[in-house]
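To start, the structure itself, in structure tokens.
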Number of protein chains: 2
Amino acid sequence: MGKKITIYDLAKKLNVSPATVSRSLNDHPSISKKTKEKIIDAAKSLGYRTNKFAANLSQQKSNTIGVIVPRLNSNFMSTVLAGIEKVANDVGYNLIISQSLESAEKEVLNAKTLYDSGVDALMISLAYGTENFDHLTTFIDRKIPLLFFDRVFDLPNCPTILIDNEAAGYEATEHLINQGCTNILHIAGGLKRNVYCQRFKGYKRALEKYGITFKEDNLVEVDLDLSRVPEVITHIKESDPKIDGLFVANDTFAVHCIKELKKEGYNIPQDIKVMGFNNDPVSEVISPNLSTMDYPGYKMGVLAGQSIIGHLNGAINLQSANQITLRHTLIIRESTQK
Amino acid sequence: MGKKITIYDLAKKLNVSPATVSRSLNDHPSISKKTKEKIIDAAKSLGYRTNKFAANLSQQKSNTIGVIVPRLNSNFMSTVLAGIEKVANDVGYNLIISQSLESAEKEVLNAKTLYDSGVDALMISLAYGTENFDHLTTFIDRKIPLLFFDRVFDLPNCPTILIDNEAAGYEATEHLINQGCTNILHIAGGLKRNVYCQRFKGYKRALEKYGITFKEDNLVEVDLDLSRVPEVITHIKESDPKIDGLFVANDTFAVHCIKELKKEGYNIPQDIKVMGFNNDPVSEVISPNLSTMDYPGYKMGVLAGQSIIGHLNGAINLQSANQITLRHTLIIRESTQK
DNA sequence: CTGAAAGCGCTAACAA
DNA sequence: TTGTTAGCGCTTTCAG
């Protein structure tokens with residue numbers, strides 16, 4: 001069933017030119033309603049499908065947006081992606097998604113591939129280790145819109161979309177302090193990335209504000225892989241004076257810290273109060289429920305998608321919407337109760 | 001910075017024909033090592049990047065694989081996708097990912113778009129409601145490899161990759177019975193889909209095997225959206241005789257049932273033993289830890305990817321590997337302990 | 001081993 | 001309103 005049928009076939013069959021067919025199919029205004037209908041009907045009944053390769057080649061655009069994320073299988077990222085996919089799909093854009101797996105090298109490769117694939121725009125959330133941005137400036141040089149979300153970097157004319165991680169870090173820490181914590185350990189992800197670096201800054205600012213001196217020992221920078229939980233636990237057990245508050249840069253890691261701490265005989269929140277970050281579903285499942293910072297992933301995806309698509313359509317003025325900051329919300333649950 | 005440079009530019013610069021350039025770049029055997037090197041060097045230094053649109057048009061293939069999943073933001077699916085992405089990326093294939101959001105209509109649209117995008121192959125996990133498969137037979141008709149994973153359907157010559165849901169359902173139920181349950185409620189997803197239908201069949205077979213008669217009342221078919229938890233709880237509270245075992249078709253839903261049941265004063269596992277399905281991370285976080293069925297998502301993705309890519313390369317004989325069944329593993333935790 | 005030239009299917013500038 | 005035609009950049013057959 002089904003040879004591939006082209007606009008030439010249609011043209012021949014209907015005794016019109018290929019151009020007329022093309023124009024009709026693209027709803028070009030200068031074609032009479034009559035012929036347009038005739039052609040569209042014929043196209044439908046013959047099962048015509050436009051060949052995107054040819055259209056892309058001719059137009060030099062692909063209706064495709066590239067996305068690079070650190071990993072697909074995290075609740076936050078897949079939620080963001082769901083948002084992006086939703087808006088992209090609604091307006092007829094395809095998404096090519098690839099993951100850097102937190103490797104700067106793979107990120108470079110991914111970017112190259114997407115560039116070669118002719119994506120009309122690129123959205124990226126950076127890997128832990130990325131320090132060089134040549135793989136991204138390529139896009140800028142070629143005027144391909146580039147947008148950062150969540151794990152961002154300031155590159156000229158590139159919109160970013162994120163939350164105010166510094167403020168959120170501050171609020172989280174302040175909350176712990178208000179609950180009576182005086183010796184708060186902060187578990188951060190890679191400090192090269194804004195999200196972790198800013199949360200840490202917020203943490204420090206809160207300490208200062210409340211007259212608590214920051215100790216280097218109270219900062220642990222890990223890659224937040226769960227295999228690193230034990231060393232954190234050890235760190236806590238060996239801390240002197242005792243740690244009485246824990247501010248972890250993501251919920252998954254926080255939850256597993258709680259599990260281990262409980263095994264070690266700690267009472268949460270009596271002995272140690274714990275704050276997470278992300279409002280991941282697990283935060284509501286752990287007992288005690290984890291206090292956390294709500295982080296609107298889906299919305300972030302939707303806005304990122306709208307922003308880039310708006311830009312592609314020339315609708316949004318890039319300058320004017322160069323940074324979107326989403327609202328975060330402190331969510332107080334059992335794990336930090338006095 | 002950077003005009004787009006083509007093989008013609010290279011050809012001119014080096015006084016060879018475009019054909020020679022093309023062949024060199026593709027490492028065609030019939031080109032002398034010398035000229036090949038010369039050309040490749042020049043290409044590199046001039047920053048040549050092949051235009052995929054043109055290559056695709058000329059070759060009628062895209063090096064792109066389409067994927068349709070019910071939703072991106074589920075732990076299981078994003079894990080599968082991570083596996084697919086890994087292998088696809090390793091061999092230079094791009095992934096275009098779209099989500100049906102459990103809607104048969106959107107699935108049809110997605111399939112059309114992917115078809116039009118010229119994907120070389122399609123991998124799909126079906127939406128709840130899909131009953132008609134015309135949108136997929138299109139692919140088969142055009143000899144575009146089609147592979148089902150997890151939520152599969154038997155279409156001629158389409159490989160499927162899944163676990164033995166019937167056996168897994170049986171084992172889960174048998175375990176509950178062995179733990180003393182005699183009145184087990186089964187919460188199933190849409191029974192149109194093999195995964196839920198087969199688990200249910202396994203459940204029934206286990207009951208029969210142990211001489212327990214199945215009651216229609218003990219089957220609840222829901223879409224497993226968490227908003228449906230309350231009605232399940234109500235169902236449990238109103239059941240007579242009392243429900244003493246709960247077999248839920250996925251962990252997320254199971255976990256939230258446990259949370260609610262605890263609120264209602266039930267002791268888990270004393271009053272009701274609960275089995276989940278998936279081995280989702282939350283299953284280890286809930287207290288009591290949830291017994292579940294391990295379900296190798298990442299591996300499923302990897303194998304699915306390898307299978308389809310092997311097929312695209314003509315390496316794997318499709319007939320011979322028409323169905324891959326992965327091993328599942330019963331994981332016994334606290335929620336079902338006697 | 002290399003070149004000439006004909007597509008691949010669609011778009012768009014220019015003509016009519 | 002419609003047609004002609006020249007690309008878009010790469011691949012590939014056929015000649016040399």
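Being a predicted model, the structure only gives us computed values, none of them experimental. So that the names make sense, note that chain A is the first sequence line, chain B the second, and so on, each numbered from 1.
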Tyr48(A) vs dC10(C): side-chain N/O to OP1/OP2 distance below 4.0 Å: yes
Presence of Thr20(B) side-chain N/O under 4.0 Å of dG3(C) phosphate oxygens OP1/OP2: yes
Mutual orientation of the aromatic rings belonging to Phe133(A) and Phe148(A) [parallel < 30°, tilted 30-60°, perpendicular > 60°]: perpendicular
Phosphate contact (dT2(D) OP1 or OP2) by Thr35(A) side-chain N/O below 4.0 Å: yes
Phosphate-side-chain proximity, Ser58(A) and dC8(D), N/O vs OP1/OP2 below 4.0 Å: no
Residue whose nearest DNA chain D nucleotide is more 5′ - Pro18(A) or Pro29(A): Pro29(A)
DNA chain D: 5'-proximal contact among Asn15(A) and Arg23(B) (nearest heavy atom): Asn15(A)
Options dC10(C), dT12(D), dT2(C), nucleotide nearest the side-chain atoms of Tyr8(A): dC10(C)
Minimum-distance nucleotide (side-chain atoms of Ala54(A) versus dG9(C), dG9(D), dG3(C)): dG9(C)
Other residues, nucleotides, ligands: >12 heavy atoms within 6.0 Å of Lys13(A) NZ: no
Touch class at under 4.0 angstrom, heavy-atom based, for Ser32(B) against every strand present: sugar-phosphate
Among Asp120(A), Asn94(A), Asn56(A), side-chain hydrogen bond (donor to acceptor under 3.5 Å, both in side chains) partner for Ser62(A): Asp120(A)
Sugar-phosphate only, base, or nothing, as touched by Ala19(B) at under 4.0 Å among non-hydrogen atoms: base
Sugar-phosphate, base or nothing in reach of Asn56(A), heavy atoms under 4.0 Å: nothing
